[in-house]
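Note sheet for the following structure.
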Amino acid sequence: MSKPVCATPGCGKPSELKCPTCTKLSLPPSFFCSQDCFRQSWNTHKNVHNQSLFNTVASSDSNSGNDERFAGYSFTGPLRPGKKTPKRTVPPEIPRPDYADDPQGEPKSERELRGNTSIHVHTPKEIEAMRKVCRLCRDTLDYAASLVAPGVTTDEIDAKVHDFIISKNAYPSPLNYRGFPKSICTSVNEVICHGIPDDRPLQKGDIINVDVSVYFEGFHGDINETYFVGGAESCSETARKLVQTTYESLDLAIQAVHPRFLYREVGGIITKHVGRNNFSVVRAYCGHGVGRLFHTAPNIPHYAKNKAIGVMQPGHIFSIEPMINEGVWKETLWPDDWTAATIDGKLSAQFEHTILVTETGFEVLTARTENSYKYPWLKDEEEKKKEAGEAAPTEEKKVEGGSGTTTTTAAPAHNASGNTGGGNKRKKNRKK
């Protein structure tokens with residue numbers, strides 16, 4: 001039998017060396033007479049590999065949700081989009097934000113303030129309105145969490161949450177915001193944020209972030225949490241550690257909130273804790289002011305050494321919402337122009353609260369309740385206290401703005417208002 005000839009154009013010598021990449025991709029073998037010939041022709045020959053990868057992705061993913069925008073798209077991880085149902089409607093009598101009925105979903109009121117870094121100080125009446133909408137946000141998210149289970153689709157969760165919100169005479173803030181097609185965001189596994197609900201059934205061992213925002217009586221609230229599909233025991237050890245680290249990073253950041261604290265310092269607190277656990281902080285998305293507008297000043301990056309503008313003052317209301325990746329911090333955007341996924345296909349988790357700065361510290365307006373999702377590390381803490389025969393430490397906090405006195409757990413900021421003041425800390429921050 002005659003030997004194959006070298007694949008380098010113009011060579012033609014008998015060859016025995018096979019291209020290892022062609023073998024790996026199950027392509028017809030390409031032979032080369034020497035390593036020098038192989039290196040010489042590499043820039044041309046690698047196009048054979050690229051075309052093969054394109055054809056493979058196109059054939060397996062071009063029908064992703066029957067969305068032509070995904071034709072030929074190379075996904076970074078195993079998740080694929082499903083089919084989308086039409087945008088849901090809201091009864092005309094329900095008050096809505098200015099973008100709700102705009103053809104492009106343009107928030108005109110936000111556009112008018114673009115570039116304005118002035119941070120609104122909410123009045124006592126506005127604060128009470130924010131407490132009300134944020135309690136509704138918490139109730140809505142807890143309802144959404146109760147729906148998360150293997151076999152349930154994110155579109156089914158979206159539909160039920162949509163109906164829950166409008167039953168309260170409220171509007172789901174994400175719906176048509178800059179054209180977003182659904183009422184909540186559902187971000188599964190390697191999706192960082194802004195995942196669009198679809199007909200893909202959730203699978204045991206997935207993690208899913210559900211992001212809920214509600215517009216009620218002229219104000220927006222914002223909250224999200226990440227859940228274990230099928231329970232924490234169904235998920236990998238890495239997933240459990242990632243979700244807990246993300247939860248803790250938000251808690252630590254909230255504990256630092258007090259008047260005259262610099263917004264730029266929030267990211268350093270988050271990054272320090274995340275780095276200790278060998279994860280990374282997403283940089284492309286940040287926390288933000290929230291109130292009459294869905295997104296407004298201040299911008300609050302979650303990574304260290306940022307250049308955020310502003311100093312916390314009583315009456316400021318904003319979200320902190322760190323997105324933490326298992327691998328590198330960089331993201332890629334799916335062709336739907338919304339879904340942000342990790343660039344290496346590894347997992348991502350997120351938590352968010354809406355927070356009020358008080359005279360002496362903070363109040364978590366979207367604080368957890370006894371009906372909230374039970375995370376395993378919170379259960380473990382309760383069990384340890386029971387075994388030790390200790391009661392959970394509590395302290396009474398006078399909530400500014402007329403909602404009375406509340407008794408809350410002193411430690412976890414996810415659950416509480418808090419006094420984080422202290423002359424030394426404030427003096428130090430004024431010098432920065």
Side-chain angles (χ1 to χ4, degrees), residues 93-98 100 107 109-110 113 118-143 164-173 212-224 254-255 257-261 263 287-298 300 310-321 352-372 394-409 412-421:
E93 66 272 16
I94 291 181
R96 61 202 62 215
D98 60 2
S109 51
E110 290 185 15
L113 290 177
S118 176
I119 303 171
H120 179 65
V121 176
H122 291 75
T123 66
K125 185 176 180 180
E126 290 174 325
I127 290 171
E128 194 55 43
M130 284 298 293
R131 287 194 180 108
K132 190 181 295 186
V133 69
C134 286
R135 283 195 293 268
L136 178 54
C137 282
R138 165 51 68 184
D139 291 344
T140 304
L141 184 64
D142 288 347
Y143 173 63
F164 181 90
I165 292 171
I166 64 175
S167 75
K168 307 297 182 182
N169 202 44
Y171 183 92
S173 299
V212 165
S213 307
V214 175
Y215 180 78
F216 182 64
E217 296 183 349
F219 291 84
H220 297 270
D222 207 357
I223 182 174
N224 74 61
I254 294 173
Q255 291 284 2
V257 170
H258 66 275
R260 293 184 288 280
F261 189 68
Y263 282 106
H288 55 86
V290 62
R292 292 189 184 275
L293 301 180
F294 194 5
H295 298 91
T296 186
I300 308 173
V311 179
M312 296 179 187
Q313 298 294 346
H316 287 185
I317 297 178
F318 50 85
S319 72
I320 302 177
E321 46 185 303
E352 174 184 25
H353 275 303
T354 298
I355 304 135
L356 164 69
V357 182
T358 66
E359 293 290 343
T360 57
F362 64 86
E363 180 184 343
V364 180
L365 300 179
T366 49
R368 290 171 53 81
T369 72
E370 60 182 12
N371 297 320
S372 298
T394 61
E395 59 181 349
E396 288 192 347
K397 300 296 181 184
K398 182 66 179 280
V399 177
E400 310 295 334
S403 67
T405 301
T406 60
T407 302
T408 58
T409 303
H414 285 263
N415 298 341
S417 57
N419 184 333
T420 57

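FYI, side chains are in, hydrogens and waters are out, and symmetry mates aren't considered; it's all heavy atoms of this structure. One is the number of the first residue; the rest follow in order along the sequence.
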Seminar exercise, completed: Closest non-hydrogen atoms of Pro259 and Gly361, given as atom of the first, atom of the second and distance, are CD-N, 4.0 Å
For this session: With rounding to the nearest 0.5 Å, note down the distance linking CD in Gln313 to CD1 in Ile119.
Result: 8.5 Å
Exercise. What class does the angle between the rings of His120 and His122 fall in, given that below 30° is parallel, 30 to 60° is tilted and above 60° is perpendicular?
Worked result: perpendicular
For this session: With the side chain counted from C-beta on, respond yes when Phe318 and Val257 share a heavy-atom pair under 4.5 Å apart, and no when they do not.
Result: yes
Exercise. Rounded to the nearest 0.5 Å, how far apart are CZ of Phe219 and CD1 of Ile317?
Worked result: 8.0 Å
Problem set entry | Donor-acceptor pair, side chain of Thr354 and main chain of Thr366, under 3.5 angstrom | no
For this session: Check whether any side-chain heavy atom of His316 sits under 4.5 Å from a side-chain heavy atom of Tyr263, and report yes or no.
Result: yes
Exercise. Is the closest basic N to carboxylate O distance between Arg135 and Asp139 below 4.0 Å?
Worked result: no
For this session: Hey, could you give me the NE2/OG distance between His414 and Ser372, rounded to the nearest 0.5 Å?
Result: 11.0 Å
Seminar exercise, completed: Between the CD1 atom in Ile254 and the CD1 atom in Ile320, the distance rounded to the nearest 0.5 Å is 5.5 Å
For this session: Determine, for Arg131 against Glu128, whether the closest basic-nitrogen to carboxylate-oxygen distance falls under 4.0 angstrom.
Result: yes
Problem set entry | Shortest non-hydrogen contact from Leu136 toward Thr140 | O-OG1, 2.7 Å
Problem set entry | Spacing of Ile127 atom CD1 and Leu365 atom CG [to the nearest 0.5 Å] | 8.5 Å
Exercise. Do the side chains of Ser213 and Asn224 get nearer than 4.5 Å, heavy atoms only?
Worked result: no
Problem set entry | Pairwise side-chain contact, Cys134 with Ile223, heavy-atom cut-off 4.5 Å (strictly under) | no
For this session: Calculate, to the nearest 0.5 Å, the distance between atoms CD and CG belonging to Glu352 and Asp222 respectively.
Result: 3.5 Å
For this session: Answer whether the closest heavy-atom distance between the side chains of Tyr215 and Val133 falls below 4.5 Å.
Result: no
For this session: Kindly indicate whether the side chain of Phe294, heavy atoms from C-beta on, has any atom under 4.5 Å from the side chain of Pro107.
Result: no
For this session: Mind running side chain to side chain contact (heavy atoms under 4.5 Å, CB included) on Thr369 and Arg138 for me, showing each step along the way?
Result: CA-CA 8 Å; Thr369 72; Arg138 165 51 68 184; 4.0 Å; yes
Exercise. Is the backbone N or O of Gly287 less than 3.5 Å from a side-chain atom of Ser319, with the two atoms forming a donor-acceptor pair by type?
Worked result: no
Exercise. Can you find a pair of side-chain heavy atoms, one from Val214 and one from His220, that are under 4.5 Å apart?
Worked result: no
Exercise. Do Val121 and Pro314 come close enough that some side-chain heavy atom pair is under 4.5 Å?
Worked result: no
For this session: For Arg260 and His258, indicate whether the former's side chain and the latter's backbone hold a donor-acceptor pair under 3.5 Å.
Result: no
Exercise. Minimum heavy-atom separation for Ile166 to Pro172, with atom names?
Worked result: CG2-CD, 4.5 Å
